[in-house]
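One structure is given below, encoded as structure tokens.
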Amino acid sequence: MAHMSLLYGTICFSHDSWLENRSKGSRWFGIDSISNPSRYPFPLRRRVVEYLHDKINTNEWIDQTFMNFQIENATPFLNRLEKELNPPQFQAVTYTDGPLLVLAGAGSGKTRVITYRIAYLIAVKRLAPWNILAVTFTNKAAGEMKERVDVILRHSLRGLWLGTFHSLCARILRYDGKAIGIDPRFSIYDTTDQGAAIKRAMAVCNVSPKEAKPAAILAMISKAKNRLEWPEQFEENARDEYEVRAARVYKTYQAILRENNALDFDDLLIEAVRLLLHKPEVGETYQKRFQHILVDEYQDTNHPQYLFLRELAKHHNRICAVGDDDQSIYRWRGADIRNILEFERDFSNVKIIRLEQNYRSTRNILAAAGHLVQQNSGRHKKTLWTDKEDGEKLGIVRLPDEISEAIWILNEVSRLYTEKSTPYGRMAVFYRTNVQSRLFEEECIKRGVPYRLIGNIAFYERKEIKDVLAYCRLLINPADMVSFQRIVNLPKRKLGAKAVQCLMDYASLMKLPILKAAKTIREEKHEATIHPTTRERFYLFSTLFQKWHSQTKTLSLPTLIETIVNDCGYSAMLEEDNDPQSQARLDNIHEFITAAMQFEKRFDAEIPSPVDTIVKLAAFLENVALVSQIDQLQEGEDALILMTLHGAKGLEFPYVFIAGMEEGLFPHSKSLDSKEAIEEERRLCYVGITRGQMRVVLTHVESRRLYGRSEWTRPSRFLQEIPDRFVEELCWSDAKPSLYHPPGVMEAFVSFGGDSGDWRKEQFEPGDMVNHRSFGFGVVLGVEGEGGRARVTVDFQEIGKKTVIQEFAKLTKV
DNA sequence: TTCTCCAGGATTTTT
DNA sequence: TCCTGGAGAA
Ligand SMILES: Nc1ncnc2c1ncn2[C@@H]1O[C@H](COP(=O)(O)OP(=O)(O)OP(=O)(O)O)[C@@H](O)[C@H]1O
């Protein structure tokens, strides 16, 4: 993540013309292209190095003259590589004569190859980090890789471009997007923001949300963008009336984004591609610069990403991609498997290396996964072997319902923890859909098992955080109407929907940034649609931003955000209202401010020259916009990992539980009617199983509750596709599960087997103040049932409303 | 303009 | 089952 901040080194903000020039942002937020390093704010020596690097491209000269890298003699390093890599891996790391594709199964060390290859290029091939571009699937993977390379090399990686496609494209667009008319202050719109924009677009086009779901239109637009179809072509290709109207919405949507100076996730990619394709002088700079390109998880790249790579690799033709077609699980969002299958055709003189030794899993796990994925058609046959022992067979457990499923898995987790001293962090529970996480979470809470829930509602998608972010974004990008609309009346400022709509129309008409419109509308004598007092309120609102903007020179980043939160009345609003969630919201905001503080620390460490806080804010926002959910995984904390199967990609755990192995859930009901979709689900299962190092357990239930309705289910076909000899059926206790257990009975049964004895006979009543071991204080709202088995609903100060089982929660009256 | 209540839809996966 | 958003009243 630290690398993110580098790109802001050259951004300059000028205070004089704030709010001005929506389209010619350069004056306000001028960014020097990397091709013009004359204003590079680094110490002189670096500046010269990079300048020359760009101009003459000779590493040797740079090395001898300036580089302060302390790389030992290359020979010990090579010896080390030979020791830590097997021969094909070694070959993949050291082959540098042309395009290279590493096609290999799970756990064969593909990521390891990328990591060592970066180190090799720097240490042995004497490339400057500056000349390397590496792409990973998540920011977390990028961070880890950077750390690994750091450890291997022990020298500065400054200048190395390592990140996700989205973050790298954003970076390029901030530098050079202005060549294709993109203001470098652009906001990045996530799904929620897109929703707001598409609704507006639909309103403009007279398409009601009833006849077409906004999400469906967005999906169509995203698909079109993945094919690089602009609204015009999309309209030409429209096959029916519906698509014609969709095309109109698409066009309007794009216009709105542009007006707001915003890009959505897809735009980041396709605009970067457009830049590279249509501005050869810009493209060339990058093509020359990146002598080596490395890509992990290549099987899940989409068409724009492929074009991005193809363009960048044009000059040096040295691209190294690694991937596994059996692990392609993102075709539903446009990933194109042809990228990896036709790699040989796409680049010239391609060398293909296969890795066949798996270092991760036991034989049973590997064989089970292998047999499963063999059911798929049209795949590359791969050999995968291991010199590990057979290990335990895969466990398959049948349970009566989803509650006992959670109980069973947590029993197992607790058992591993107490009996085998397995740290929680070495165990993970995977599931197909996010809803499933809830029961596991509740069960963890009941038992006091520390857990880490990955995904679901990402921290930065929480309401309160998005609100604060909207204030920040508006401060950076005064044209951002989606952010404006979000917070202009939050806290309440008596600025209702109608008035806001009028102002936005006015801003569009006058081609003014929305914030500027809010400011000037007061003086606008001819604008009769908005009441003068309302105009005054808009003006008042705009002065907030003016004030903050004038403070960006003096305040630190966290203080600035704190000032914003206080000045705008947001914290007061939360403090005053009686919603039990408010305290948790405030805490989240503080956590956000702490994150800003940490970010600033890293930023300052990387960019020594003083930088205006608003630049840091911009960098921080970008960092925030592009973090993915998996990025929440923290090292060093011992907690059970809960996540979707998709999130599990690229990770490994000694103990893996996969829950919900039922037809209609996994494979998901929406995938049942197409062979391709089923095969993708099967690959997902393959990915899940191959995450396991020592033991994998698959659970399924007889009946599952969905939307409050219980459904009978059938075991997933994937269970049958694993040959019996790799599997053992487990019972959830010594007794054979009978056909039907009411959930309460199950729970009681299990709880007596576990560590009980601590539950009290104490009776709670609504209104009682109680204390909970991990949730702190709260007020009882309601009680259901009696004694230790009672379900007590408590409104906790810290985390809000929760229902707990008395005997597990260890509640005490205060 | 804001608040409250009710209906109806949702959850497949995510940068 | 829970949440969102729309409609209608204050
Ligand atoms: N040559 C090796 N010697 C020892 N361990 C290795 C070797 N190569 C890889 N490993 C280990 O094997 C495990 C899997 O490696 P890695 O994650 O790089 O595989 P991968 O092919 O990227 O896996 P996947 O595609 O399933 O995500 C890691 O724990 C890694 O440290």
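Just so you know, these numbers use all the heavy atoms, side chains as well, and skip hydrogens, waters and symmetry mates. So you know, we letter chains A, B, ... as the sequences are listed, proteins then strands, and number each from 1.
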**Request:** Find the distance Q485(A):CD to dG5(C):P and express it as a whole number of Å.
**Result:** 12 Å

**Item:** Spacing of R537(A) atom CZ relative to dT2(B) atom P, expressed in whole Å
**Value:** 8 Å

**Prompt:** With a non-hydrogen cut-off below 4.0 angstrom, is D266(A) in contact with a base, only sugar-phosphate, or nothing?
**Reply:** nothing

**Request:** Verify the stacking flag for Y330(A) against dT14(B): centroid separation must be under 5.5 angstrom and the ring planes must differ by under 30 degrees.
**Result:** no

**Asked** Counting just side-chain N and O atoms, does T644(A) come under 4.0 Å of either OP1 or OP2 of dT14(B)?
**Response** yes

**Request:** Provide, to the nearest angstrom, the distance between the NE2 atom belonging to H166(A) and the P atom belonging to dT15(B).
**Result:** 8 Å

**Prompt:** Do the non-hydrogen side-chain atoms of L490(A) and Y570(A) ever get within less than 4.5 Å of each other?
**Reply:** yes

**Request:** Give the rounded distance in Å between these two atoms: CD1 of I221(A) and C1' of dT15(B).
**Result:** 17 Å

**Asked** Does a side-chain heavy-atom distance below 4.5 Å link S710(A) with E402(A)?
**Response** no

**Message:** I want to confirm an ordering. Mapping K498(A) and H646(A) to their closest nucleotides on DNA chain B, which one lands closer to the 5' end?
**Reply:** K498(A)

**Message:** Any base atoms under 4.0 Å from K649(A), or only sugar-phosphate, or nothing? Heavy atoms, all strands.
**Reply:** nothing

**Message:** How many whole angstroms separate atom CZ of R331(A) from atom P of dT12(B)?
**Reply:** 20 Å

**Nearest-Å distance for atom pair CZ/P, residues R200(A) and dG5(C)** = 17 Å

**Prompt:** In terms of side-chain heavy atoms of W332(A), which of dT1(B), dT11(B), dT13(B) is nearest?
**Reply:** dT13(B)

**Request:** Examine dT15(B): is either OP1 or OP2 under 4.0 Å from a nitrogen or oxygen in the side chain of N302(A)? Give yes or no.
**Result:** no

**Prompt:** D267(A) pairs by side chain to side chain contact (heavy atoms under 4.5 Å, CB included) with which of R258(A), R274(A), Q254(A)?
**Reply:** Q254(A)

**Request:** Would you mind classifying the nucleic acid contact of F666(A) as base, sugar-phosphate or nothing, using non-hydrogen atoms under 4.0 angstrom?
**Result:** nothing

**Prompt:** Is any side-chain heavy atom of F653(A) less than 4.5 Å from a side-chain heavy atom of F430(A)?
**Reply:** yes

**Message:** From the set dG5(C), dT4(C), dT13(B), return the single nucleotide nearest to any side-chain atom of K199(A).
**Reply:** dG5(C)

**Request:** Please work out if K494(A) contacts a base, only the sugar-phosphate, or nothing of the nucleic acid, heavy-atom cut-off 4.0 Å.
**Result:** sugar-phosphate

**Prompt:** Among dT12(B), dC2(C), dT15(B), which is the nearest nucleotide to the side chain of T191(A)?
**Reply:** dT15(B)

**Item:** N434(A) vs dT12(B): side-chain N/O to OP1/OP2 distance below 4.0 Å
**Value:** no

**Item:** Upstream residue (5' side of DNA chain B) when A499(A) and Q194(A) are each assigned their closest nucleotide
**Value:** A499(A)

**Inter-nucleotide P distance (dT13(B), dT4(C)), Å rounded** = 16 Å

**Asked** Within a strict 4.5 Å, meaning less than it, do heavy atoms of the F308(A) and I172(A) side chains meet?
**Response** yes

**Request:** Could you tell me the separation between the CD atom of E297(A) and the C1' atom of dT15(B), rounded to a whole number of Å?
**Result:** 13 Å

**Message:** Distance check needed: dT13(B) P versus F265(A) CZ, whole Å only.
**Reply:** 16 Å

**Asked** Below 4.0 angstrom from OP1 or OP2 of dT1(C), is there any side-chain N or O of R705(A)?
**Response** yes

**Asked** Less than 6.0 Å separating the ring centroids of F484(A) and F541(A)?
**Response** yes

**Item:** Side chain of T433(A) - closest among dT12(B), dT14(B), dC2(C)
**Value:** dT12(B)

**Message:** Over all strands shown, is R709(A) touching base, sugar-phosphate only, or nothing at heavy-atom distances under 4.0 angstrom?
**Reply:** nothing

